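Since the structure comes first, as structure tokens, the remarks are kept for the end.
In this text, all values refer to a predicted model and were calculated from it rather than measured experimentally. Throughout, protein chains are lettered first and strands after them, A, B, ... in sequence-line order, and every chain is numbered starting at 1.
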Amino acid sequence: MTEADKLALLKDLLLTDDRAYAESIHKKIKALEEIINEQKKLSHKVDPIIDQRLEEFIEEIPETLGPTITEALAEQIKNSKDQVVEALYPIMGKMIKKYISQEISLLTERINKQLEDSFSAKSWKRKFKSWFGGVREEELLLSELSSISQVEQVLVIEKNSGLLIGQYAKTETIDKDMISGMLTAIKSFVEDAFNEKGQNLELIEYELYHIHIQNFVSFYIAVAISGEYNLIFKNKIQDIIFNFTDNFLNLFDDLSEIKEKDITNELEFYFSTNESL
Amino acid sequence: MKASKKIILLGHFGVGKSSLIRQFVENTFTSDYKVTIGVHILKKEIKIAADETISLIIWDLEGYDDIRKTRASYLLGTHGFIYVFDVTRPATFENLKDDITYLTDQYPNTPLKVVGNKADLVTKSYLKENKDIFSVSPNFFTSAKTGDKVDDMFIALAKELVK
């Protein structure tokens, strides 16, 4: 064995492990390269498919998820009405304001046009009233237009029990017996709360409606009115109520003797013949 | 013939006054407890004879620990009372005798029914064995949950009102 052979043998013996280690690293690097290349190849193939699917999905959302979202929203709104109202109120308020101001502008325009065109006796009367009264003619016309008030319902109610004695309604509303009871409860509560003997609740306002309450000893009459409720209208309503009680109810000693139908007929007679209220 | 009568339910908080009314008027029951504030009014028409219908205007008052605190103006013109207590809560019937005496003194001519509600939560034998714990013998043991004796109780009072 020559010196060179001996040296080669010694190298083999000493460096075998290092070589195996280098080979394993080489294999790992190769495998990684393959994975990376494979992914690049894969993404070239897969990406267009994913993009296409995504586009299709976005296009199909209204059809596929629409009913579910609508249902979920409807349920959410149903369960959180107050929150929805609170959220919508500022938006709705602005819309309503805008709508009203637009309608008022239109109305003013129409009034101005009518004033320019009109030469009727009524118009001349209004003009005179305006000249001598110092009120603008537009305002007079507006007050004429806005003073349309209507009696919607009249209830004659026993004061203590809150039981309905008789009623007249232009349109059907919710149960009149329950309205009579609740009105009496509200009246009792307000009158008790302020602890003033001899003081009675006389008016309830809600949005476009007013409930005029005329109190008597053993009963009271509640008149639901839509539209404007002013002092003149109040006086007219009171006159009708007093005529009705004087000419009809006061003829009976005991109100329970009167048939409900008779009261309805009388109320209809007194209130429907005063449609121009 | 049709007549309207005002009846009032009285009793402590949470004894089931509103549930009794709901069971009678709507045939429904819910275990969700919502406290009555002020007064709630419901109506039911019942036929008590072939040619006689009665319209019950039922006032469901908020519960009070002391019956004397009930708003007197709500009680005016009442045709009948139903005093309700909870058979499982002694606090709701420990002043039963005093409360009933107060009502019969103040409204001597007004019919009154004393009702032990939530009877479904105890056995019938328990009620029989412990009847002495109620200082006034109840007219009915009802269950607003199952509806047991609810209609019977309202109808019995209604019949008494038209006598």
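For R68(B), the CZ atom sits in a packed shell: over 12 heavy atoms of surrounding residues, nucleotides or ligands are nearer than 6.0 Å. The number of heavy-atom neighbours closer than 6.0 Å to OH of Y64(B), taken from other residues, nucleotides and ligands shown, is above 12. The environment of NZ in K159(B) is sparse: at most 12 heavy-atom neighbours from other residues, nucleotides or ligands sit within 6.0 Å. For Y209(A), the OH atom counts as loosely surrounded, since its 6.0 Å shell holds 12 or fewer non-hydrogen atoms of other residues, nucleotides or ligands. Under a cut-off of 6.0 angstrom, the local environment of CG in L54(A) is crowded, with over 12 non-hydrogen atoms contributed by other residues, nucleotides or ligands. Surrounding NZ of K176(A) are more than 12 heavy atoms belonging to other residues, nucleotides or ligands, all under 6.0 Å away.
Of all residues spanning residues 63-73 of chain A, none has a heavy atom less than 4.5 Å away from chain B's heavy atoms.
For I41(B), the parts lying near chain A are the backbone and the side chain together; criterion is any non-hydrogen pair under 4.5 Å. Residue L42(B) touches chain A through both its backbone and its side chain, counting heavy-atom pairs closer than 4.5 Å.
Between the OG atom in S180(A) and the NZ atom in K6(B) there is a gap of 12.0 Å [rounded to 0.5 Å]. Rounding to the nearest 0.5 Å gives a distance of 6.0 Å between OG of S4(B) and CG of L163(A).
Shown here for D177(A) and S55(B), the closest heavy-atom pair between the two residues is OD2-OG, 4.4 Å. Here the closest heavy-atom approach between residue Y74(B) and residue A185(A) is recorded as CE2-O, 3.6 Å. Among all heavy-atom pairs drawn from G77(B) and S161(A), the shortest one is O-CB, 3.3 Å.
Considering only heavy-atom pairs separated by less than 4.5 Å from chain B, the leading option among K159(A), M182(A), K187(A) is M182(A).
Pairs engaging residues 57-78 of chain A under the ring-ring contact (aromatic ring centres under 6.0 Å, His included) rule: none recorded [sequence neighbours left out].
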